[in-house]
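Below is one structure; the comments refer to it alone.
A, B, ... follow the sequence lines: proteins, then strands. Residue 1 opens every chain. Everything numeric here is computed off the predicted structure, so don't read it as measured data.
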Protein chains: 2
Amino acid sequence: MDMHELTRSLQVKNKAKIVMLVGDGLGGLPMEAGGKTELETAVTPNLDRLAKNGVQGASIPVKPGIAPGSGPGHLGLFGYDPLKYQIGRGALEATGIGFELQDGDVAIRCNFCTLDADGNISDRRAGRIPTEESAPIAISLRQIKIDGIEIFVEPVKEHRFVVVFRGPGLGGEVNDTDPQATGVPPLEPVARDSGSKKTVEVAKEFLRQAKEILKDQPKANFHTMRGFAAKPALPTFDDVYGLRAAAVAVYPMYKGLARLVGMDIVGNAQTLEEQMEVLKQNWDDYDFFFLHYKYTDSTGEDGNFAEKVKRTEDLDAAIPKIEALKPEVLIVTGDHSTPAYLKSHSWHPVPTLLVSDCCRPDPHDSFSESTCITGGLGQFEAKYLMLLALSNAERMGKYGA
Amino acid sequence: MDMHELTRSLQVKNKAKIVMLVGDGLGGLPMEAGGKTELETAVTPNLDRLAKNGVQGASIPVKPGIAPGSGPGHLGLFGYDPLKYQIGRGALEATGIGFELQDGDVAIRCNFCTLDADGNISDRRAGRIPTEESAPIAISLRQIKIDGIEIFVEPVKEHRFVVVFRGPGLGGEVNDTDPQATGVPPLEPVARDSGSKKTVEVAKEFLRQAKEILKDQPKANFHTMRGFAAKPALPTFDDVYGLRAAAVAVYPMYKGLARLVGMDIVGNAQTLEEQMEVLKQNWDDYDFFFLHYKYTDSTGEDGNFAEKVKRTEDLDAAIPKIEALKPEVLIVTGDHSTPAYLKSHSWHPVPTLLVSDCCRPDPHDSFSESTCITGGLGQFEAKYLMLLALSNAERMGKYGA
């Protein structure tokens, strides 16, 4: 049985509130043999205090050994099997720049490219044209009109932009037009299923008009289309968990991911302090709050161990403001590890802490990669965390009689 | 999603080398309450040193409580779900005696039996005829000729031998001819699918000629055919992991299992010392090395606790020779437990140790059944071990954006 079928059938409504605080890339590694991780190095009196009353575990984002991107990492935390639910590249790119996809939309990642006199691609990235040059060119494509289709063109960075087609009967199963080579012409878009034939027609017409508009550009005189993707069909938090859910995030990607599972995006916080304020303001209107904190990841990606330690301490310092609201369930976790040692997302299990009145507390007085291994949650796949959240909130009935 | 699909799509090529040292049947049990296991009793300074820099866990060969044979045990370690990929008995038997199956071959386990005057089986094992008598009789069956089919007959032990049919259009879905009873005649071979009808014809003709050849034998005057099996279709290590893989094994069964997943069999080592030499000689030519050590299993099967301890110490003593080659990832594990206490393969999780520059080391300074329980790899199904090997070798990209 699908876990969502199960949670749907076991839903219990009550007033309990759940807060999931996600320190992006929370898990880490020591920089040298025998050393401590970022989380172990950080002075985290609040997490340590929570650890005394909570239960810890090591969350495996996808499967052992798999390092996830932000999409699968968060889907897992939200209880959506990241190997079953996949967000197409175009849809993720649109989500990442804050574009609000609607059902039936098809999103496409586009790259400006340079064509030579024979129509062959001489540069697949148009000389990595700088954003200040490429953005106005992308915006010039907004003049493209196609009957019955609403078109959105959004600049991204350098040679990249996003196109979204909105209209009836569009499917996302279309091959890339980027031939992944130079000296050859771009490919024609080709549908992989019959439901995407109309998308191909629309894409061809878009490309025809774009070629005309771009023809005098010295570098960006054409573009390729990649990662065609319909808005992924994800059931909502309300549907599968019976939760009114809100996301308090700073970055568009995480707001977008939350929106895809039906969370409301509340506030417009730019700092952790503002996020705490937004949380408080919206406390009465929701059952579940997803709080996203970016900097444990970005400092890890930068390979800046000391800064990740500091940002972890900042995260810790915010915790009393959450506690003051007295959530029935407070979870602190991450969507994956981002060890400064590796300067990248990694596969290492993520320290996860759950505090509730009815958790079975561990005998630990701190919270880290080494303590979580012997915590009561054991090692578990992230996709099960929401089940634990619901049950600790007494929002899930008994399975079977 | 299938894990092989995933690893195929995430492959990264680099120069990192992975060594998987398999102590067959490594896990054990105490002989009396409160006692130590074989691994805990053995003096293993090298494993203990590795433990300080590595991460441990308890590998579940198939599922909790399932004791595997060598086939499923190794398939799991190689990352092939042992419940999905099954090696037919005939194919495993052929593999075990070193017969190199080709695509399309059908292998059959045969038992000499005794027929009475009425053609009924009076002894299903021909009086467990000793090998020195049965082998020449099996070899006499090599005179059997069937048009368009290449036939191989290989003696095994006592009443057992293996027949392989090679030719176009042979399927392995054929029922046993052993009626599992005496006082009745052998069954006719019957195809379970249309692709195996030709195999049935060939088998009938083989049996007809065999009856003629064997008719004057006092005990082995006929034989049954069991476990018809085509060569299993296992994707290769090169395909699913992008690894050039080599097996350094002494016994035919393990060479055969390695060959089935596309490993090259290198060297002809007869001792652990020679295996280490072969490893060194082939170091530059492969990315992955499977080192198989038999004696932790055979001593367990014998119920010889003290000898298993000694053989474990021998295994430990070989480790510096592997370390000297500086593999990026070194794994020590077993395909299952073989406690001397049980004198058989068992279901107990297998102590597993992984050492790499980017593992998250445990606070352990020894390696055993009791330490691995609190190691950072937790309890995991063996089929995930290759994912961990690949990620620790930085040979696997990020899943999703």
Exercise for review: Can you tell which part of A:Q86 gets under 4.5 Å to a heavy atom of chain B, answering side chain, backbone, both or neither?
Suggested key: side chain
Practice item. With a 4.5 Å cut-off on heavy-atom pairs, point out which of B:G397, B:G378, B:C358, B:P361 contacts chain A the most. Key: B:C358
Review point. Under the ring-ring contact (aromatic ring centres under 6.0 Å, His included) rule, what pairs show up with a residue in residues 381-401 of chain B, not counting sequence neighbours?
Key: none
Check your understanding: Looking only at side chains, do A:E369 and A:T37 share a donor and an acceptor under 3.5 Å apart?
Key -> yes
Exercise for review: Establish, from distance only, whether the side-chain atoms of B:H336 and B:T338 form a donor-acceptor pair under 3.5 Å.
Suggested key: yes
Practice item. Using a strict cut-off of less than 4.0 Å between a Lys/Arg side-chain nitrogen and an Asp/Glu carboxylate oxygen, indicate whether A:K231 and A:D105 qualify as a salt bridge. Key: no
Review point. Counting heavy-atom pairs under 4.5 Å to chain A, which of B:C359, B:G375, B:P363, B:G376 comes out on top?
Key: B:G376
Point to revise | Heavy-atom contact with chain A under 4.5 Å, split by part of B:Q379 | key: neither
Check your understanding: Do the charged groups of B:D287 and B:R244 touch, with an N to O distance under 4.0 Å?
Key -> yes
Review point. Looking at A:P349, A:A33, A:P30, which has the largest count of heavy-atom pairs under 4.5 Å with chain B?
Key: A:P349
Exercise for review: Answer with side chain, backbone, both or neither: which region of A:I373 has an atom nearer than 4.5 Å to a non-hydrogen atom of chain B?
Suggested key: side chain
Practice item. Give the member of A:G34, A:S337, A:S370, A:G65 that has the highest number of heavy-atom pairs under 4.5 Å with chain B. Key: A:G65
Study note, to complete from the structure: Bottom line for B:D362: the part with an atom under 4.5 Å from chain A's heavy atoms is neither
Review point. Does the pair A:E100/A:R259 count as a salt bridge with the N-to-O cut at 4.0 Å?
Key: yes
Point to revise | Leading residue by heavy atom contact count with chain A [cutoff under 4.5 Å; candidates B:T7, B:D357, B:L390, B:V55] | key: B:D357
Practice item. Go through the steps to decide whether B:R49 and B:E323 satisfy the test salt bridge (Lys or Arg N to Asp or Glu O under 4.0 Å), and finish with yes or no. Key: CA-CA 11 Å; B:R49 179 167 35 73; B:E323 287 179 282; 2.7 Å; yes
Review point. With respect to chain B, which residue among A:G28, A:G71, A:G96, A:S344 yields the maximal number of heavy-atom pairs within a distance under 4.5 Å?
Key: A:G28
Practice item. Answer with side chain, backbone, both or neither: which region of B:L385 has an atom nearer than 4.5 Å to a non-hydrogen atom of chain A? Key: neither
Check your understanding: At a heavy-atom separation under 4.5 Å, does B:M386 approach chain A through its side chain, its backbone, both, or neither?
Key -> neither
Practice item. Decide whether A:N175 and A:R192 meet the rule of one side-chain donor and one side-chain acceptor closer than 3.5 Å. Key: yes
